[in-house]
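Written out below as structure tokens is the structure these notes cover.
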Amino acid sequence: MSIVQVALDVPVDELFDYDEGALQVPVGGLVAVPFGRRRAVGITLRRVAHSKLPADRLRSVERILPVTPLPKETLALARFCSDYYRFPLGQVLAATLPTALRRPSFRLPSSFSRYRLTPLGHSIDSEALPQRAVSARRLLIAFKRGGCLTSLQTRSVTSRSAALLREWVQAGWIAREEDMSDGEPAPPDAQMPSQEPALTAAQQQAVEQIASSFRSYSPWLLEGITGSGKTEVYLQLAAQVCARGEQALLLVPEINLTPQLESRLKRRFPTVQIVSLHSGLNESERLVRWIRASRGEAQLVLGTRLAVFTPMPRLGLVIVDEEHDASYKQQEGVRYHARDVAVLLARERQVPIVLGSATPSLEAVLNARKGRFGHLMLSERPLASLPSIQIVDTAKGTPPDPLPSSVLAALERRLERREQSLVFINRRGYAPVLLCRACGWSAPCPRCAARLTLHLGERALRCHYCGHRASIHASCPDCGNQDLRGLGHGTQRLEEWLAGRFPQARILRVDSDTTRRKHSFSRMREQIHEESVDILVGTQMLAKGHDFPKLTLVIVVGADLMLYSTDFRAPERLYQQLTQVAGRAGRSKLTGEVLVLTQFPQHPLYEALLRHDFAGFAQGQLIERERSGFPPFVHQVMLRAESTSEKTVVAFVSAAARAAAPLAEGVTVYDAVPAPMPRLAGRYRWQLLVQSTSRAALQRFLAGWQERLRAGRSSAVRWALDVDPIDA
Ligand code: ADP
Ligand code: ZN
Ligand code: ZN
């Protein structure tokens with residue numbers, strides 16, 4: 001009897017033994033097994049001679065799911081994530097699979113079916129079919145010649161294949177079988193479309209250096225100012241990878257960026273199979289694309305963070321665009337960082353990896369400085385010049401208007417020239433609140449330690465953290481004053497105000513409220529491209545990656561709020577954000593202008609920004625981080641806990657601190673503190689930071705600590721370990 005050990009999607013760190021019976025279960029194979037009273041899908045991790053379970057309690061594998069087994073590299077990557085991020089292996093693996101593959105009754109979609117002629121089918125003479133039935137005759141002849149055809153092949157014989165296949169299966173002429181073979185690798189294609197445009201010398205050098213490291217693990221930081229042609233470098237490398245018959249994985253931070261990159265890839269590589277994988281797909285779309293990637297058919301796989309786990313048998317190159325972006329960090333479940341996992345993937349597979357950014361993370365900068373990453377720079381824009389950045393001092397006098405007159409004049413000029421402007425609001429902490437000017441009261445969220453945000457459009461107050469909705473108060477509940485007003489300028493108020501100032505302008509607001517409906521964001525992008533918009537008012541969403549040729553003016557409002565944040569990463573984030581949003585201006589022949597409104601024009605961050613001196617800024621930040629003992633010079637883990645009862649959560653984190661003390665060798669355990677957002681959706685939140693200069697010491701500590709935390713678990717507390725947290 002042979003026993004297989006299977007990882008299941010359950011919150012315990014163990015494997016489960018099953019009898020494989022007569023089935024030949026491959027390692028990496030997905031199997032349907034009985035588990036308790038239900039059936040579940042598990043991943044076979046090994047095969048052993050004996051089980052510790054008594055024979056009468058050992059249950060059997062029911063079936064092997066009809067998909068290619070996960071390759072050992074994918075298993076190794078999942079195991080690493082499980083160990084490093086302290087999350088059960090079975091749950092890590094389950095999280096990486098398309099939902100359809102987590103169903104015991106899974107069947108391959110019919111597009112992956114193969115049809116074989118039965119003896120009955122063989123006995124039919126194609127001449128015996130009616131003369132008119134041309135398609136049927138043709139298909140039958142093709143079957144007789146090949147014996148077995150994939151549904152894709154039948155489609156190339158006749159457009160009526162789907163109907164004929166159905167009829168013939170019913171008639172018993174053919175039988176359907178699931179096609180488990182690896183897909184046809186696309187043949188190496190020497191005739192990849194021409195290299196347009198001609199690369200600049202810096203781009204050429206980057207492409208050559210990276211290409212010289214094909215077939216080996218070799219990490220590169222590609223630091224290039226916005227619009228310097230990083231994407232062009234990716235495209236040229238991707239072309240070479242496809243020409244070699246290999247696959248490239250291209251990660252982007254945000255789902256909103258996939259359509260435009262996807263269409264750019266498709267235009268450039270019309271004959272290459274490209275699939276994009278992101279959270280906006282429905283279950284079957286995701287499944288089909290995942291299978292195409294995992295069979296090696298799709299040559300370019302474009303996706304958001306989860307795509308890093310897609311098995312790709314012919315992987316030749318990994319690219320992480322905007323590597324500094326916080327969206328690469330998964331904030332629940334397995335709290336992995338897709339950029340870090342991508343580096344591991346490249347090492348595991350011995351392929352080069354390119355991390356691209358205009359404002360690399362300090363982690364990447366440090367790695368480049370230490371020589372762990374090769375460092376390539378693109379410091380010029382091939383098409384346009386860099387936008388000119390100006391600081392607008394708003395400290396002197398507090399004008400009642402959200403934008404000073406010099407800024408309005410700049411907007412006016414764009415309207416006259418029929419160019420586009422973007423007013424960018426850093427909404428973090430800058431939403432309008434309902435304020436009583438008599439006593440200072442402002443509407444709080446009853447469930448969170450946050451203020452409610454005023455939404456004029458829906459005439460309501462809303463909590464941006466938990467979604468709580470309340471109607472707008474008629475008077476102040478504290479002092480009875482009836483003159484309650486919005487304070488601060490959210491996108492909505494600014495949009496209204498601008499409409500008042502520029503009644504002739506076409507204004508479009510782009511934020512998470514206006515783009516919630518599916519496709520609305522892409523429709524807005526089209527509107528912008530069609531130039532049916534003059535002024536854009538938007539948040540972070542518009543800052544990233546988009547290319548709007550007519551946009552020549554960017555106005556940044558509310559940046560200061562991040563300058564003096566308590567989060568040590570705030571300056572890094574602010575610099576990244578400002579660079580990105582500034583990069584939206586003047587990407588074509590038209591020169592761009594960026595106006596940053598601030599009360600602190602002398603701040604070193606703004607001075608570096610004016611000089612386009614990211615290197616200088618990063619250097620300053622690294623010195624500060626090293627001096628104060630912050631990442632990337634130390635490694636951190638955050639224990640996050642929450643409960644509806646404050647007493648319970650405090651007791652839990654206190655016990656966690658006590659349990660940590662005797663284990664803390666080479667690590668520093670800080671005091672438990674309330675989270676920056678101490679109450680969210682009715683739950684009290686506390687956290688406890690542990691850090692060390694040694695990753696190994698931290699990992700050793702975590703192993704012991706996690707065990708104790710689990711042993712003392714209380715169902716009234718939800719907790720998680722966040723390894724390499726990126727938020728305080
Ligand atoms: P990034 O990814 O660094 O923001 P892109 O690759 O999107 O930059 O390039 C910015 C613009 O410059 C695009 O319109 C692109 O087509 C163009 N471009 C890039 N490289 C070249 C080049 N070598 N010659 C001419 N145009 C280029
Ligand atoms: Zn009041
Ligand atoms: Zn709330």
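Read the numbers this way: they start at 1 and go in the same order the structure lists the ligands and their atoms. Please read all numbers here as calculations on a predicted model, not as lab measurements.
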query = Polar-atom distance check: Ala198 versus ligand 1, any N or O pair below 3.5 Å?
reply = yes
inquiry  = How close do Glu323 and Leu355 get, counting heavy atoms only, and between which atoms?
reply    = CG-CB, 3.7 Å
ask   = Can you give me the SG-the Zn ion (ligand 3)-SG angle for Cys448 and Cys445, to 10°?
value = 110°
key: Heteroatom distance test (Pro382, ligand 1): nitrogen or oxygen, under 3.5 angstrom   = no
request  = Assess Arg264 for proximity to ligand 1: is some non-hydrogen atom of it under 4.0 Å away?
outcome  = yes
remark   = For Thr200, the atoms of ligand 1 under 4.0 Å from one of its heavy atoms are 23 (N)
inquiry  = I need the Gln580 CD to His324 NE2 distance, nearest 0.5 Å.
reply    = 4.0 Å
remark   = Cys439 SG to Cys479 SG via the Zn ion (ligand 2), rounded to 10°, gives 120°
message = Whether Arg679 engages the ring of Tyr684 as a cation-pi pair (distance to the six-membered ring centre under 6.0 angstrom, angle to the ring normal within 45°) should be assessed.
response = yes
key: Thr226-ligand 1 polar pair, N/O distance under 3.5 Å   = no
ask   = Taking Leu461 as the fixed residue, which of His468, His473, Arg451 is the one that meets the side-chain contact (heavy atoms from CB on, under 4.5 Å) rule?
value = His473
remark   = Going by the 4.0 angstrom heavy-atom rule, the piece of Ser228 near ligand 1 is both
inquiry  = Using every non-hydrogen atom in the two residues, find where Thr226 and Gly583 come nearest and quote the distance to one decimal.
reply    = OG1-CA, 3.3 Å
request  = Would you indicate whether Gln273, at its atom CD, is surrounded by more than 12 heavy atoms from other residues, nucleotides or ligands within a distance under 6.0 Å?
outcome  = yes
Backbone or side-chain N/O/S of His468 under 2.8 Å of the Zn ion (ligand 3) = no
query = Does the side chain of Thr359 come under 3.5 Å of the side chain of Gln576 through a donor N or O and an acceptor N or O?
reply = no
query = Does Arg381 approach ligand 1 within less than 4.0 angstrom via side chain, backbone, both or neither, non-hydrogen atoms only?
reply = neither
inquiry  = Tell me whether the count of non-hydrogen atoms from other residues, nucleotides or ligands lying under 6.0 Å of CD in Glu530 goes above 12.
reply    = yes
note = One finds that the ligand 1 atoms under 4.0 Å from a non-hydrogen atom of Gly229 are 1 (P), 3 (O), 5 (P), 6 (O), 8 (O), 9 (O), 19 (C)
Proximal atoms of ligand 1 relative to Leu199 (non-hydrogen, under 4.0 Å) = 23 (N)
